[in-house]
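Keep in mind the model is a prediction, meaning the values are calculated, not measured. Start at 1 and go down the list; that is how both ligands and their atoms are numbered. The residues of the chain are indexed from 1 along the displayed sequence.
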Amino acid sequence: MPRVAGKVAIVTGGAMGIGQACAELLAAEGAAVVVTDRETEAGKKVADAITAAGHRAMFVEHDVGDEDAWKKVIAAALKAYGKVDILVNNAGVGWFGDVEHTSLDDWRKLLRINLDGVFLGIKYAIPAMRTAGGGSIINMSSIEGLVGDPRIAAYNASKGGVRLLSKSAALYCARERTGIRVNSVHPGYIVTPMVERGIESSDNPAEMRKTLEALHPVGHMGKPMDIAYGVLYLASDESEFATGSELVIDGGYTAQ
Ligand code: NAP
């Protein structure tokens, strides 16, 4: 029996990286998937490939920091598939900047996507899920939502915010007995276009890759499917007692 058979999932930032892996795995395990992203061509390709593999998917162009765009995404999911059971708030950006040298403009740009985007997703998914009789919201935080790094002030703030926003929303939904669960996921470094861009833009990419690998006690970075399997668990009814929890998948990074 597929693990999320008959469910409808929205995956933001599904055009590549972790979001793509989540969309592909949820679809392979029986969900109809709404892939959303601001990268239209890449997003369409992901949805088309899922459909070509015999599963259900569609693409919707989406800027997660735009409130009206969220209303359209939820409406598109309801129109195409009739309900929303799963929301993976995955879209995110990251760049370097310590607290002293980050401009207010850069701070706001990052928070608009990584934190406002997750807030809006939760806000608009709850009414749709309430109607469906429950659901699972999975918010992509990071190891950087658990521990500080002096080089990434805004990213740390956004991912720490996602962690506690998830708990607040989880308690709100639990108290209402909506059947809606909210959890956060905390990946270590995962080899995706985001991380590859960071490595390639460094002064010595080969050295940077080794440094990042060595940060993980297991000796290597993760792959998108390592995270997608955790998301699948939280999306499925297997995790029906899990809410307000933090799923750390980091090769031991934060165990030290
Ligand atoms: P990625 O490879 O850059 O993929 C993210 C996707 O989200 C891209 O298609 C990106 O488009 C899209 N996106 C960015 N801003 C958006 C917006 N405003 N609206 C809609 N889509 C948007 O990133 P990833 O590494 O897979 O990361 C996915 C999530 O996991 C992020 O929240 C990230 O912070 C988190 N995370 C990643 C790692 C890691 O090591 N990779 C570790 C911990 C947590 P653009 O290419 O145009 O930006």
Side-chain angles (χ1 to χ4, degrees), residues 10-25 34-47 59-70 72-73 87-96 106 108-121 124 137-147 149 151-152 154-163 165-166 184-201 208-209 211-213 215-216 220-228 230-231 246-251 253-254:
I10 297 171
V11 180
T12 70
M16 60 190 80
I18 293 171
Q20 177 180 355
C22 292
E24 289 171 352
L25 187 59
V34 180
V35 176
T36 87
D37 207 289
R38 64 183 178 184
E39 297 291 339
T40 310
E41 289 313 309
K44 276 185 188 158
K45 271 190 195 158
V46 170
F59 174 74
V60 180
E61 189 177 352
H62 186 198
D63 170 2
V64 295
D66 177 344
E67 185 163 12
D68 283 339
W70 268 107
K72 287 179 191 155
V73 165
L87 168 63
V88 185
N89 272 317
N90 165 78
V93 290
W95 50 72
F96 287 105
D106 277 351
R108 285 183 174 150
K109 273 187 190 144
L110 192 144
L111 271 286
R112 176 185 175 276
I113 296 173
N114 288 14
L115 192 52
D116 295 6
V118 173
F119 158 69
L120 290 170
Y124 285 101
I137 299 174
I138 300 146
N139 298 324
M140 203 56 67
S141 179
S142 170
I143 49 173
E144 313 294 358
L146 299 171
V147 295
D149 181 326
R151 301 164 302 165
I152 49 169
Y155 190 78
N156 262 161
S158 72
K159 294 302 185 182
V162 167
R163 172 175 172 266
L165 171 60
S166 301
S184 57
V185 176
H186 301 262
Y189 280 85
I190 307 298
V191 181
T192 66
M194 178 193 278
V195 165
E196 286 294 352
R197 269 195 307 274
I199 291 172
E200 291 309 321
S201 65
M208 174 62 106
R209 194 176 299 275
T211 304
L212 293 183
E213 285 168 354
L215 290 173
H216 301 80
H220 59 84
M221 291 185 274
K223 53 190 185 307
M225 272 299 163
D226 294 330
I227 307 307
V231 167
E246 304 165 15
L247 180 53
V248 180
I249 307 174
D250 69 351
Y253 187 109
T254 54

S.K.: Could you work out, for atom 15 (N) of ligand 1, the closest of Met16, Arg38, Glu61 by heavy-atom distance?
M.R.: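 Going through Met16, Arg38, Glu61 one by one, Arg38 has the nearest heavy atom to atom 15 (N) of ligand 1.
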
S.K.: If you count the atoms of ligand 1 from 1 in the order shown, which ones are under 4.0 Å from a heavy atom of Met140?
M.R.: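 Those qualifying, in numeric order: 29 (C), 30 (O), 35 (C).
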
S.K.: Quick one: look at Val191 and ligand 1, take heavy-atom pairs under 4.0 Å, and tell me if it's side chain, backbone, both or neither.
M.R.: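 Within the 4.0 Å criterion, Val191 makes no contact with ligand 1.
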
S.K.: Between Asn90 and Gly13, is there a donor-acceptor pair closer than 3.5 Å when you use the side chain of the first and the backbone of the second?
M.R.: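 Present.
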
S.K.: Testing the 3.5 Å rule here: is there a donor-acceptor pair between the side chains of Glu67 and Tyr124?
M.R.: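 Tyr124 and Glu67 do have a side-chain donor-acceptor pair below 3.5 Å.
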
S.K.: Using side-chain contact (heavy atoms from CB on, under 4.5 Å), reason through Met140 and Val162 one step at a time and then give a plain yes or no.
M.R.: CA-CA 8 Å; Met140 203 56 67; Val162 167; over 6 Å; no

S.K.: Is it the side chain (CB and beyond), the backbone, both or neither of Glu39 that lies under 4.0 Å from ligand 1, heavy atoms counted?
M.R.: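 Looking at Glu39 and ligand 1, just side chain atoms fall under 4.0 Å.
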
S.K.: I want to know if ligand 1 touches Val93 in the polar sense, i.e. an N/O pair below 3.5 angstrom.
M.R.: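 Checking ligand 1 against Val93, no N or O pair falls under 3.5 Å apart.
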
S.K.: Does any N/O atom on Val195 come nearer than 3.5 Å to any N/O atom on ligand 1?
M.R.: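 Looking only at distances, the answer is no, because the N/O contact criterion of under 3.5 Å is not met.
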
S.K.: If the contact criterion is a heavy-atom separation under 4.0 Å, does Arg197 count as touching ligand 1?
M.R.: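 Arg197 counts as a contact of ligand 1 under the 4.0 Å cut-off.
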
S.K.: Compare every heavy atom of Leu111 with every heavy atom of Ala154, then report the nearest pair and how far apart it is.
M.R.: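 Closest pair (atom of Ala154, atom of Leu111, distance): O-CD2, 3.8 Å.
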
S.K.: Regarding atom 27 (O) of ligand 1: of the candidates Lys159, His186, Met194, which has the closest heavy atom?
M.R.: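 The option holding the nearest heavy atom is Met194.
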
S.K.: Consider every N or O of Gly19 and every N or O of ligand 1, then say whether any pair is closer than 3.5 Å.
M.R.: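 It does not: no N or O of Gly19 is found under 3.5 Å from an N or O of ligand 1.
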
S.K.: Looking only at distance, does Val64 have an N or O less than 3.5 Å from an N or O of ligand 1?
M.R.: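 So ligand 1 has an N or O lying under 3.5 Å from an N or O of Val64.
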
S.K.: Is ligand 1 under 4.0 Å from a heavy atom in the side chain of His62, in the backbone, in both, or in neither?
M.R.: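 Backbone only.
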
S.K.: Sort out for me which residue in Asp226, Ile199, Ile190 forms a side chain to side chain contact (heavy atoms under 4.5 Å, CB included) with Met221.
M.R.: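 Exactly one pass, corresponding to Ile199.
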
S.K.: Between the side chains of Glu200 and Arg209, is the shortest nitrogen-to-carboxylate-oxygen separation below 4.0 Å, so that they form an ion pair?
M.R.: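 Judged by the 4.0 Å cut-off on N to carboxylate O distance, Arg209 and Glu200 do form a salt bridge.
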
S.K.: Which pair of non-hydrogen atoms, one from Ile227 and one from Pro187, has the smallest distance, and what is that distance?
M.R.: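 Residues Ile227 and Pro187, closest heavy atoms: CD1-CB, 3.5 Å.
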
S.K.: Taking the non-hydrogen atoms of Thr12, is any one of them nearer than 4.0 angstrom to ligand 1?
M.R.: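 Thr12: no contact with ligand 1 (<4.0 Å).
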
S.K.: Between Ser142, Gly145, Gly188, Gly94, which one has a non-hydrogen atom sitting closest to atom 38 (C) of ligand 1?
M.R.: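 The option holding the nearest heavy atom is Gly188.
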
S.K.: So which bit of Glu144 gets within less than 4.0 Å of ligand 1, heavy atoms only: side chain, backbone, both or neither?
M.R.: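 No part of Glu144 is near ligand 1 at this cut-off.
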
S.K.: Looking only at the side chains, is there a donor atom on one of Asn139 and Ser166 sitting less than 3.5 Å from an acceptor on the other?
M.R.: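 Yes, because at least one side-chain N or O of Asn139 sits under 3.5 Å from a partner of the opposite role on Ser166.
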
S.K.: Check this for me - ligand 1, Asn90, N or O atoms closer than 3.5 angstrom, yes or no?
M.R.: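 Among all N and O atoms of Asn90, at least one is under 3.5 Å from an N or O of ligand 1.
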
S.K.: Output yes when Glu61 and Arg38 qualify as a salt bridge under the 4.0 Å nitrogen-oxygen rule, no when they do not.
M.R.: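 The answer is no: the pair does not qualify as a salt bridge.
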
S.K.: Between Ile113 and ligand 1, which residue portion shows a heavy-atom distance shorter than 4.0 Å: side chain, backbone, both, or neither?
M.R.: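 Under 4.0 Å from ligand 1, Ile113 contributes side-chain atoms alone.
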
S.K.: Taking both backbone and side-chain atoms of Tyr189, is any N or O found less than 3.5 Å from an N or O belonging to ligand 1?
M.R.: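 For ligand 1, there is no N or O atom that lies under 3.5 Å from one belonging to Tyr189.
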
S.K.: So, taking the atom named CG in Leu110 and the one named CH2 in Trp95, what distance separates them when rounded to the nearest 0.5 Å?
M.R.: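 Result: 4.5 Å between the selected atoms.
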
S.K.: Side chain, backbone, both or neither: which part of Ser141 comes within less than 4.0 Å of ligand 1 when only heavy atoms are counted?
M.R.: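 The part of Ser141 near ligand 1 is the backbone, not the side chain.
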
S.K.: Taking NZ, NE, NH1 and NH2 as the nitrogens, is one of them in Lys45 or Asp37 under 4.0 Å from a carboxylate oxygen of the other?
M.R.: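 The answer is no: the pair does not qualify as a salt bridge.
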
